[in-house]
Number of protein chains: 2
Amino acid sequence: MKLFLSTTVNKVDRKGRVSVPAGFRTVLAANTTPGVFVFPSFHGACIMGVGSDEMERLADGTESFAAFSPEHEDAARLIFGATHHLNWDETGRILLPAELREHAGIDDQAAFVGVGKRFEIWHPERHREARDTARQRAVETKLSIPMPGSGGAK
Amino acid sequence: MKLFLSTTVNKVDRKGRVSVPAGFRTVLAANTTPGVFVFPSFHGACIMGVGSDEMERLADGTESFAAFSPEHEDAARLIFGATHHLNWDETGRILLPAELREHAGIDDQAAFVGVGKRFEIWHPERHREARDTARQRAVETKLSIPMPGSGGAK
DNA sequence: TGGTATCTCATGGGATGGCATGGGAGTCAA
DNA sequence: TTGACTCCCATGCCATCCCATGAGATACCA
């Protein structure tokens with residue numbers, strides 16, 4: 001299985017263009033539909049990015065829940081209503097919609113952070129802060145890496 | 001089953017390349033996806049290395065927890081965001097990302113230490129120190145190895 | 001048993017191509 | 001005409017590829 005891994009900081013030029021890291025492009029290209037789907041994250045000041053297959057899975061997920069909970073109906077509306085489908089150009093660059101750039105507070109640099117089946121786009125400094133506090137929390141809760149057979153965390 | 005065993009110290013050249021010990025390569029090559037997955041250890045100044053199968057189990061672990069706890073979402077972000085997938089060249093060398101080299105304080109030499117299903121990469125001197133204190137602790141606490149089905153030791 | 005051939009590995013360095021980045025020109029709509 | 005966006009071309013750095021060397025281990029043979 002292909003996963004989005006590692007963190008890359010790329011430049012956003014005056015036209016608002018950013019290179020999608022080559023490794024991420026490879027993962028995205030393995031999807032049924034080419035290109036990348038981006039939408040604002042609920043949890044933090046960042047942009048979420050997924051391939052078409054994961055996007056579809058997300059749709060299935062919200063759909064199955066929608067019948068039972070109005071919150072998930074809201075979630076579906078929020079996600080899909082704010083999602084953009086972007087294709088990169090010959091050199092691998094996309095144009096981030098201003099609305100998403102503002103949500104993440106991105107100006108001249110963008111950090112692409114792999115999170116397995118999806119990835120996030122952050123303002124580099126904001127990401128550093130978020131990562132540090134997450135790390136802090138992980139240490140405080142004595143979180144260990146959930147390794148199979150180790151009984152997991154906690 | 002193949003395991004990562006013994007310790008090998010290899011040179012890091014000016015370009016940042018290191019030979020992965022041939023024995024380790026053999027173990028890694030038995031995985032579904034070729035190459036090696038490396039990420040910084042949370043607990044010590046070293047780099048962790050695993051094959052694709054172990055990485056996938058790790059991914060499944062974080063994923064199953066992610067739905068229920070924000071801490072594990074943190075864990076997923078921390079691990080995947082810092083993980084690099086490296087392929088060795090014809091001669092068996094990989095290029096250690098500068099960010100990981102710094103985390104482990106590695107300059108011109110790297111110690112590959114087998115730890116069963118995974119291995120660690122250390123600055124040789126740091127490893128010697130860590131190993132000595134670990135040995136000390138083991139003697140003091142009368143450590144024994146917990147075996148599955150044996151009722152376990154503490 | 002001494003010596004030689006061969007193989008595997010680790011290591012060095014030059015060359016090449018991929019990738020990120022910058023900018024110009026063309027197109028379309030407001 | 002201006003602004004937003006899309007192609008297209010140019011550039012520089014760095015990761016990777018390729019070739020060469022040397023050390024150590026093992027096998028082979030006289």
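Each chain gets a letter, A, B and so on, in the order the sequences are listed, and its residues count up from 1. What's counted below: heavy atoms across the whole structure, side chains too, no hydrogens, waters or symmetry copies.
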### Query
Are A:Phe119 and A:Phe24 close enough that their ring centers fall under 6.0 Å?
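So the answer is yes for these two rings.
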### Task
Classify the angle between the aromatic ring planes of B:Trp122 and B:His127 as parallel (below 30°), tilted (30 to 60°) or perpendicular (above 60°).
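Rings of B:Trp122 and B:His127: tilted, as their planes differ by 30° to 60°.
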Rounded to the nearest angstrom, tell me the gap between atom [atom1] in [X] and atom [atom2] in [N].
X: A:Asp13; N: D:dA10; atom1: CG; atom2: P; answer: 19 Å
X: A:Glu99; N: D:dA4; atom1: CD; atom2: P; answer: 16 Å
X: A:Phe24; N: C:dC19; atom1: CZ; atom2: P; answer: 14 Å
X: A:Glu90; N: D:dC9; atom1: CD; atom2: P; answer: 10 Å
X: A:Trp88; N: C:dT21; atom1: CH2; atom2: P; answer: 17 Å
X: B:Gln109; N: C:dG12; atom1: CD; atom2: P; answer: 10 Å
X: A:Asp89; N: C:dG22; atom1: CG; atom2: C1'; answer: 13 Å
X: A:Lys11; N: C:dC19; atom1: NZ; atom2: C1'; answer: 16 Å

Given [options], the nucleotide with the shortest approach to the side chain of [X]:
X: B:Thr91; options: D:dC19, C:dA20, C:dG22; result: D:dC19
X: A:Ala22; options: C:dG12, D:dC7, C:dC19; result: C:dC19
X: A:Arg25; options: C:dA20, C:dT21, D:dT6; result: C:dA20
X: B:Arg93; options: C:dA10, D:dC17, C:dG13; result: C:dG13
X: A:Arg17; options: C:dG24, C:dG12, C:dG14; result: C:dG24
X: B:Lys15; options: D:dC18, C:dG14, D:dT6; result: C:dG14

### Task
May I ask you to decide if A:Pro21's main-chain N or O and A:Ser19's side chain share a donor-acceptor pair within less than 3.5 Å?
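No, A:Ser19 side chain to A:Pro21 backbone: no donor-acceptor pair under 3.5 Å.
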### Query
Which part of the nucleic acid, if any, lies within contact of B:Val12, taking any heavy atom under 4.0 Å across all strands shown: a base, the sugar-phosphate backbone alone, or nothing?
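No contact at all - B:Val12 keeps every heavy atom at 4.0 Å or more from the nucleic acid.
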### Message
Once you apply a heavy-atom cut-off of 4.0 Å, does A:Arg14 come out as touching a base, just sugar-phosphate, or nothing?
### Response
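Since only primed, P, OP1 and OP2 atoms lie under 4.0 Å of A:Arg14, the category is sugar-phosphate.
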### Task
Could you tell me whether the phosphate oxygens of C:dT21, OP1 or OP2, come under 4.0 Å of any side-chain nitrogen or oxygen in A:Asn10?
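Looking at the OP1 and OP2 atoms of C:dT21, one of them is under 4.0 Å from a side-chain N or O of A:Asn10.
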### Task
Please name the pair of heavy atoms, one in A:Ile47 and one in A:Leu100, separated by the smallest distance, quoted to 0.1 Å.
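Looking at all heavy atoms of both residues, the shortest contact is CD1-O, 3.6 Å.
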### Task
Please check if any side-chain donor atom of A:Thr33 sits under 3.5 Å from a side-chain acceptor atom of A:Asn31, or the reverse.
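Judged by distance alone, the side chains do not pair up.
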